[in-house]
Amino acid sequence: MAPLLSMHGINKRFAGIPALRAAELTVEKGEVHALIGQNGAGKSTLIKILTGYYAKDSGEIVFDGRPVAFTSPQEAQAAGISTIYQEINLVPYRSVTENICLGREKRRFGLLDWRSMHAEARALLARFDIDIDVHRPLMAYPTAVQQMVAIARAIGFDAKLVIMDEPTSSLDEREVDVLFGVIRQLKSAGVSVIFVSHKLDELYAVCDRVTIMRDGRTVQVAAMAELSRLDLVTTMLGRELTQVLQEGHKADDDAEAGEPVLKVRNLAVGRKVRDVSFEVHAGEIVGLAGLLGAGRTESVRAVFGADRPDAGTIRLSGAAGAISQPADAIRAGMGFCSEDRKLEGIIPDMSVRENMMLALMPQLAKRGIVDETRSREIVDQFIRRLGIRCSGPEQRIRELSGGNQQKVLLARWLCMNPRLLILDEPTRGIDVGAKAEILNLVRELAGQGLGVLMISSELEEVVEAASRIFVLRDGRTVAELEGDAVNEQTVMAAMAHGHEETREAVHG
């Protein structure tokens, strides 16, 4: 029997940079197929090409027995492909019924048949055990209900293929179980599902086969039952077990860590962070490891005061009181280089000097007047110290390379003389040489007594830099690794299975 979907040799470039390289994806009829990979692996690009959001550069797509090249998501939907996005893309001010029936409204005698549409909306939601007033605006309901409405809408199109992109991100355990029941109903009815998730338990619970992508390529296709969790993780990260076993830990394990500068216990934030604990000592580089969606970024945002925790304790040495906003964290001696350098870090149209001085500016101002002489001295000092390659302090930061932009952001916090520096993906999007410079700089700073908390999707990078690693999985701390246990094999095993006995030690 021919597959429902076959994508073969798909290539796509953006501004000359390859996003997909001969990518492959095959989905059988009535199959639940997992599509996984780290950030930048190419999953979203492949789905957007399938659904007509992007045009492929080359390759072939065959859907339901005929070659296709959809020019819009609406065309893909009309052909029988329905997509549920992680970000809810409905109309919050319109009713639940209007959102579910949008684009396929029922009419009677030329008028909208509201009775029929309300009945259909209630029937679709009943499949998810949801009984709500479908006349009310969507925005009147919590995010989990809105997500279920988005899923109900997608199913209502009588699709042959349903694409679910992180559909459980806003759902609790009971709602996830209900969703899985609906997925099994779809499968039994012959409908295929592409299931995108970073939660391993979900993949093994509901998926038949898996396609693993890395660096724009399809690197493995296998039955879920034939692939161990450890094999899944190592393939996704691109690290062979034999290679991992031969490599030792390169961090300076003999370095003496000072007093704790940060203690986090039993942290809970929204749905992404459920029970996270870790600590950082002065002069220590601590890594937070975990697959995408494990709760790493959400945890450090709560530590910095950017998000309010629901439970748990955060103690920063020297902090006079609770940290309820980033300004409190900065005053207490904390710096934070966020994951998205372009969106949350640099201000592209401002100069190197202006970007570097943002956090320090209040201390340099007296009666509203900034001490320009002192500002120039500090900027010149850090340009030299960090080796920032620029034409001068007044050059616009957007004209710098990614590595030099990252150095400016590091300088923004270092000029504050922090006790703790949080680095979320500090080397993302920069070249190999700049990565080495950044990591060497981080080691130098730790050697001078700075506590460093580091997140990186590059497992080798975390293992090489950190003297201690806390592994997160599904919003929980599942392992604390130090000494000889800081190696890629142990970290990947914890990502795949978790170490409950180690977790107990973390909470002790």
Side-chain angles (χ1 to χ4, degrees), residues 257-264 278-288 296-307 314-347 350 352-364 375 378-379 381-383 385-388 397 403-428 430 437-456 462 465-466:
E259 292 298 312
V261 292
L262 175 69
K263 282 187 178 181
V264 175
F278 57 86
E279 63 183 37
V280 183
H281 293 253
E284 178 185 34
I285 301 174
V286 169
L288 280 188
R296 299 168 301 171
T297 294
E298 293 81 3
S299 296
V300 297
R301 282 179 58 86
V303 169
F304 193 63
D307 296 324
I314 302 171
R315 292 193 177 92
L316 183 68
S317 67
I323 294 172
S324 58
Q325 56 184 344
D328 299 332
I330 294 170
R331 282 192 293 269
M334 193 186 307
F336 181 24
C337 287
S338 64
E339 176 182 19
D340 195 326
R341 178 173 63 246
K342 292 184 178 179
L343 184 64
E344 298 179 336
I346 67 168
I347 302 177
M350 292 177 68
V352 170
R353 177 183 59 81
E354 290 167 323
N355 272 275
M356 195 183 297
M357 289 289 98
L358 275 179
L360 190 63
M361 194 68 72
Q363 297 182 26
L364 295 178
S375 171
I378 293 171
V379 172
Q381 173 192 344
F382 278 96
I383 287 176
R385 180 181 171 188
L386 303 190
I388 300 171
I397 194 170
N404 284 297
Q405 290 178 2
Q406 190 69 12
K407 288 181 181 181
V408 173
L409 295 180
L410 283 171
R412 176 187 295 172
W413 299 113
L414 295 179
C415 66
M416 302 286 294
N417 294 316
R419 294 185 180 88
L420 174 70
L421 183 60
I422 300 173
L423 303 175
D424 192 355
E425 301 288 358
T427 65
R428 174 173 290 169
I430 62 180
E437 285 187 272
I438 296 290
L439 292 176
N440 286 333
L441 176 61
V442 170
R443 293 189 193 95
E444 179 185 332
L445 295 169
Q448 295 169 2
L450 178 65
V452 178
L453 180 61
M454 177 175 150
I455 297 171
S456 176
V462 177

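Here the structure is a predicted model, which is why all the values come from computation and not from measurement.
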Legend entry - Heavy-atom donor-acceptor pair, D424 side chain to I455 backbone, under 3.5 Å: no
Legend entry - All side chain to side chain contact (heavy atoms under 4.5 Å, CB included) counterparts of E444, not counting sequence neighbours: L441, Q448
Inset, instruction - Measure from the side-chain N and O atoms of R419 to the backbone N and O of L316, and report whether any donor-acceptor pair falls under 3.5 Å. - result: no
Inset, instruction - Apply the side chain to side chain contact (heavy atoms under 4.5 Å, CB included) test between M454 and each candidate in L439, V300, L288; give the one that qualifies. - result: L439
Inset, instruction - Under the side chain to side chain contact (heavy atoms under 4.5 Å, CB included) rule, collect the residues that match up with I330, sequence neighbours excluded. - result: F304, W413, M416
Inset, instruction - To the nearest 0.5 angstrom, please state how far the CD1 atom of I388 sits from the CE atom of M356. - result: 4.0 Å
Legend entry - Min side-chain heavy-atom separation V286-L262 under 4.5 Å: no
Inset, instruction - Decide yes or no on side chain to side chain contact (heavy atoms under 4.5 Å, CB included) for S317 and K263, but give the supporting numbers first. - result: CA-CA 9 Å; S317 67; K263 282 187 178 181; over 6 Å; no
Legend entry - Given L421, I422, V261, D328, the one that forms side chain to side chain contact (heavy atoms under 4.5 Å, CB included) with M334: I422
Inset, instruction - Could you tell me whether the side chain of R296 reaches within less than 4.5 Å of the side chain of E425, counting heavy atoms only? - result: yes
Legend entry - Pairwise side-chain contact, V452 with L423, heavy-atom cut-off 4.5 Å (strictly under): yes
Inset, instruction - Please test R412 against F382 for side chain to side chain contact (heavy atoms under 4.5 Å, CB included), starting from the C-alpha separation and ending with a verdict. - result: CA-CA 9 Å; R412 176 187 295 172; F382 278 96; over 6 Å; no
